[in-house]
Amino acid sequence: MSINKTDYTISEDLVIKYNTLSAKKKELEKELDELKKVFHIYFDNLVGPNEKGEVTVNNYKLQRQIRKSEKFNDEKTVHRLTELNMTDLIHHVPKPDEEKVKSALTLGLIKEEDLEGCLLKTASQAIVVKTLK
């Protein structure tokens, strides 16, 4: 279904269709999650946890891929580097304390105009359908 950019009419049929498809999507995602669990248990038993594997069933090949990533624990790494006297390997990033800034605004220590352009505002959109009656 393609909607023309100038066609902004919302009918009961469109709302019903959206609501129905949304419910089906949730059902499908739940079903897919269950199947993924089964596949992961199968591969855990076949090749071990967090190991890639594959199985062929008739004309289908099912594969489990493993994506690995590494990241330093910020707090422990900074502590250890400080112990090793390697503070030049640590980023010192100044960051505003939002709670204190809001308190300073409330107390009148600074004015909103002083921070003009500093406050980032975002918004997100969501569509919700509720059945009335």
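Residues Val78 and Met86 are members of one and the same hydrophobic cluster, defined by side-chain heavy-atom contacts under 4.5 angstrom among Ile, Leu, Val, Met, Phe, Trp and Tyr. Linking Ile, Leu, Val, Met, Phe, Trp and Tyr residues whenever their side-chain heavy atoms come within less than 4.5 Å places Ile90 and Leu84 in a single cluster. Residues Ile10 and Ile16 are members of separate hydrophobic clusters, defined by side-chain heavy-atom contacts under 4.5 angstrom among Ile, Leu, Val, Met, Phe, Trp and Tyr.
Between the side chains of His79 and Glu83, at least one donor N or O sits under 3.5 Å from an acceptor N or O.
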Got a list of side-chain donor-acceptor pairs under 3.5 Å for residues 35-47, not counting sequence neighbours?
{"from": "His40", "atom 1": "ND1", "to": "Arg64", "atom 2": "NH1", "distance (Å)": "3.4"}
{"from": "Asp44", "atom 1": "OD1", "to": "Arg64", "atom 2": "NH1", "distance (Å)": "2.8"}
{"from": "Asp44", "atom 1": "OD1", "to": "Arg64", "atom 2": "NH2", "distance (Å)": "3.2"}
{"from": "Asn45", "atom 1": "ND2", "to": "Ile41", "atom 2": "O", "distance (Å)": "3.2"}

Could you pull out every donor-acceptor pair under 3.5 Å between side chains of residues 126-133 and any protein atom, sequence neighbours left out?
none

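By the neighbour-count criterion of 12 heavy atoms within 6.0 Å, atom NE2 of His92 is densely surrounded, having more than that number from other residues, nucleotides or ligands. Within a 6.0 Å sphere centred on CG of Asn85, heavy atoms belonging to other residues, nucleotides or ligands number 12 at most. Annotation: Asp88, atom CG; neighbour count of heavy atoms from other residues, nucleotides and ligands within 6.0 Å is above 12.
Here CG of Leu89 is found 14.0 Å from CZ of Arg80. Values are rounded to the nearest 0.5 Å. Note that the CG atom of Leu109 and the CG atom of Asp114 stand 10.5 Å from one another [nearest 0.5 Å].
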Intermediate values then yes/no, side-chain contact (heavy atoms from CB on, under 4.5 Å), Lys26 and Lys24 = CA-CA 5 Å; Lys26 288 177 187 174; Lys24 284 182 184 177; over 6 Å; no

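For the pair Glu54/Leu62, no side-chain contact is recorded, criterion being any heavy-atom separation below 4.5 Å from C-beta on. Under the 4.5 Å side-chain criterion, counting only non-hydrogen atoms from C-beta, Lys25 is in contact with Glu29. Between Lys100 and Lys102, the closest side-chain pair of non-hydrogen atoms is not below 4.5 Å. Counting only heavy atoms from C-beta outward, the side chains of Val101 and Leu115 approach each other to under 4.5 Å.
In this structure a side-chain-to-backbone donor-acceptor pair under 3.5 Å is missing from Ser22 to Tyr18.
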